[in-house]
Amino acid sequence: MKHIPLIVGVALLAAACSNEAAKPEPHVHDASHPHEATKAADKTPAGMKETTPSADYPLKTCVVSGEDLGAMGERIAYTYDVTEVQFCCPDCLEKFGKDPQPYLAKVRAAKK
C-alpha cells in the first residue's frame, strides 16, 4: 500500500475544501429578493395602481370571475382610469389587464 506524503495529503484536502466553499448557494425564491419583486410587479397591468379597497365599492362580486369578493382571501383593489376595481384574486387582475373596458363598464354601471 502506498502512503501519500503528509504535505501532499494536506494540499489535496485544502484544494477539496476550497472547491466546496466556491460552490454557489442555490437560488431561493423570495419576494423580498429584487429579481422576484420585479417578476411580481410585472403582473400588474399597465395603467393600474394598487389601492386600499373602499367600503363603498358598488359590487359584492369580482367583475372578472363573479366570485364573492373576499371568497379567495383578501380582496385586492386597483385604480384604472380613475375607477376603483376590486378583484377576488391576482389571476383576475391579470385577465382584467388584457381587456379592461368590459369590466370597467360593469363597475361604472353599478355606481349609477
Apply the test side-chain contact (heavy atoms from CB on, under 4.5 Å) to residues L93 and M48: give CA-CA distance (whole Å), side-chain angles for both, the deciding distance (0.1 Å), then the verdict. CA-CA 10 Å; L93 173 65; M48 296 192 74; 3.6 Å; yes
Between C62 and C88 the two heavy atoms that sit nearest each other are SG-N, 3.6 Å
Distance col, row I76:CD1 vs T51:OG1, nearest 0.5 angstrom, shows 12.0 Å
On a heavy-atom basis, the closest approach of V63 and L59 is CG1-CD1, 3.2 Å
Self-check item: Aromatic contact, Y78 with F96 (centres under 6.0 Å)
Solution: no
One should read off an interatomic distance between R75 CZ and E67 CD, to the nearest 0.5 angstrom, of 14.0 Å
The reported gap from CG in D68 to NZ in K60 (rounded to nearest 0.5 angstrom) is 10.5 Å
Exercise. Mind running salt bridge (charged side-chain N to carboxylate O under 4.0 Å, His left out) on R108 and D81 for me, showing each step along the way?
Key: CA-CA 11 Å; R108 291 174 180 156; D81 191 27; 3.0 Å; yes
Shortest non-hydrogen pair, V107 vs P58, comes out as O-CG, 4.0 Å
So CD of E94 and CZ of F87: to nearest 0.5 Å the spacing works out to 11.0 Å
Less than 4.5 Å apart, any side-chain heavy atom of Y103 and any of V85?
no
Exercise for review: Indicate whether the side chain of E84 and that of S54 have a donor and an acceptor atom separated by less than 3.5 Å.
Suggested key: yes
Closest non-hydrogen contact found for L104 with Y80 is CD1-CD2, 3.3 Å
Fill in: E74 atom CD, over 12 foreign heavy atoms within 6.0 Å
no
